[in-house]
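Reviewing the structure listed below.
Hydrogens, waters and symmetry mates play no part in the numbers below; they use all other heavy atoms, side chains included.
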Amino acid sequence: MTHRIMVCHAVVAARQFRIRCYTQLLLMVTATFSLATELSICVGRQEQAPFVFTSPKTGELTGLGIDILAEVAKQLDHTFQLKALPQARCIEDVKRGRHALGLNMSTGVTKQAGLMGSEAYFKLHPELYVLSKVAAKLPAKPKPSDLVQLQLCGLSGLSYEDFGISSQQVDTGTNLYSELVQKLLLGRCEGMLEFREIVAGLYLIDKHTGELASSARISRLPLLDQPVVGLHLVASDTPGGRQLIQHLNPVLIRLRKEHRIEQMLSTYLQQ
């Protein structure tokens, strides 16, 4: 029996995201389970290069998360539609069954009531980025307790519990990384929390911002006593959602064991 496997990429249009699906591969497979033939997947709208971001060249969503969906599509007899939404709305839509899966979700999100997380497909490395004059007053490897004394800024819609602190401790009045880095450099806050891979990925969406974040004016400090944070796919904590995650996990485990995920990620960071 021949099944048509399709991968959907989101195309950024004026004020809306349109889904353009195209046939990527015809593959002979035997269906071993019965699920919906098309799965609706959402992802947070915030640019999270190199995991999910809008390519400046094509205007399409790209990144490691999209590549993983393509690998899943090769194994499962489904089509996937990907839609970019505000992060909080995406999470709620998955809980309510409006979308089968949420992409690029942190470990903290998987612990929310009503959600079921997949195996982590990548482990993140949390870091503190502070003005150099502030770094001189901090330990070389700060702990979450050291962050209490800092005026931290971050992005609207993101959760900072993954760094071992309350999001209420962070000024999240900024929408873009370019604005966030400028806010730090202007001294309107003392530091920002982010994962090493995402700061490295800034070069993919805004080279100037990437250079500023890596400049001598900003010190990068690794964080101690941090919770382990990975990236996951999430589904609703229902029989259907749990069944879907059970079928996805073997694919993710195999990709990790074969070091395919590191290979896919390196193609973005090498750019």
Side-chain angles (χ1 to χ4, degrees), residues 1-10 17 19 21-44 48 51-52 61 63-124 159 162 227-261 264:
M1 180 178 181
T2 301
H3 300 275
R4 185 177 301 272
I5 296 179
M6 302 175 67
V7 179
C8 302
H9 289 271
F17 289 85
I19 304 304
C21 301
Y22 59 93
T23 302
Q24 187 179 51
L25 179 67
L26 287 176
L27 182 68
M28 294 296 294
V29 296
T30 300
T32 57
F33 55 90
S34 176
L35 293 168
T37 57
E38 181 173 83
L39 297 176
S40 176
I41 302 173
C42 63
V43 66
Q48 295 281 288
F51 302 107
V52 179
L61 286 183
L64 177 65
I66 309 299
D67 293 342
I68 286 176
L69 287 183
E71 287 292 331
V72 170
K74 294 177 183 179
Q75 301 299 319
L76 308 181
D77 183 26
H78 302 307
T79 59
F80 295 91
Q81 286 197 351
L82 180 63
K83 186 173 184 179
L85 299 171
Q87 177 90 344
R89 178 181 166 189
C90 177
I91 292 170
E92 287 303 312
D93 279 2
V94 172
K95 289 180 181 179
R96 299 185 181 201
R98 294 172 181 164
H99 294 288
L101 291 169
L103 174 65
N104 202 48
M105 298 296 174
S106 69
T107 301
V109 173
T110 69
K111 296 178 181 178
Q112 292 188 23
L115 291 178
M116 174 78 174
S118 72
E119 289 277 334
Y121 54 82
F122 191 84
K123 180 182 176 181
L124 295 164
S159 170
D162 286 318
V228 176
V229 180
L231 291 176
H232 310 254
L233 289 155
V234 296
S236 61
D237 190 11
T238 60
R242 290 191 290 270
Q243 182 190 24
L244 180 56
I245 294 296
Q246 288 172 2
H247 290 298
L248 293 175
N249 278 340
V251 180
L252 299 178
I253 292 172
R254 177 180 59 80
L255 291 174
R256 280 207 321 258
K257 287 183 177 180
E258 295 176 355
H259 304 290
R260 293 282 308 284
I261 292 177
M264 289 187 286

- prompt: Is there side-chain contact between Thr110 and Val234, with heavy atoms separated by less than 4.5 Å?
  reply: yes
Tightest non-hydrogen contact, residues Gly241 and Ala235, listed as O-CB, 3.7 Å
Rounded to the nearest 0.5 angstrom, the CD-CD1 distance for Glu71 and Ile261 is 9.0 Å
Does any non-hydrogen side-chain atom of Val52 lie less than 4.5 Å from one of Leu64?
-> no
Practice item. Determine whether Arg242 and Ser236 make a side-chain contact, defined as any pair of heavy atoms from C-beta on separated by less than 4.5 Å. Key: no
Worked check of side chain to side chain contact (heavy atoms under 4.5 Å, CB included) between Tyr121 and Ile253: CA-CA 8 Å; Tyr121 54 82; Ile253 292 172; over 6 Å; no
* For residues Leu82 and Cys42, determine if any side-chain heavy atom of one lies less than 4.5 Å from a side-chain heavy atom of the other. => no
Here the gap from Leu101 atom CG to Leu69 atom CG, rounded to the nearest 0.5 Å, amounts to 8.0 Å
Decide whether Thr107 and His232 meet the rule of one side-chain donor and one side-chain acceptor closer than 3.5 Å.
yes
Here the gap from Met105 atom CE to Leu231 atom CG, rounded to the nearest 0.5 Å, amounts to 10.5 Å
CG of Leu252 to CZ of Phe122, rounded to nearest 0.5 Å, is 14.0 Å
Can you check whether Val43's main-chain N or O pairs, donor with acceptor, with Asn104's side chain at less than 3.5 Å?
-> no
Open item on the list: Are Ile66 and Leu103 packed together at the side-chain level, in the sense that at least one heavy-atom pair is separated by less than 4.5 angstrom?
Closed with: yes
Closest heavy-atom pair, Gly230 versus Ala120, reported as atoms and distance to 0.1 Å, is CA-CB, 4.2 Å
Q) Going by heavy atoms in the side chains, are Glu119 and Ile245 under 4.5 Å from each other? A) no
Q: Check the pair His247, Gln75 against side chain to side chain contact (heavy atoms under 4.5 Å, CB included), reporting the backbone distance first and the verdict last.
A: CA-CA 10 Å; His247 290 298; Gln75 301 299 319; over 6 Å; no
Taking every heavy atom of Ala84 against every heavy atom of Leu61, the minimum-distance pair comes out as CB-CD1, 4.2 Å
Is there a donor-acceptor pair under 3.5 Å between the side chain of Arg254 and the backbone N or O of Asn249? no
Closest non-hydrogen atoms of Val229 and Ser106, given as atom of the first, atom of the second and distance, are CG1-CB, 4.1 Å
So CZ of Arg89 and NE2 of His99: to nearest 0.5 Å the spacing works out to 6.5 Å
Between the CD atom in Gln81 and the CG atom in Leu39, the distance rounded to the nearest 0.5 Å is 10.0 Å
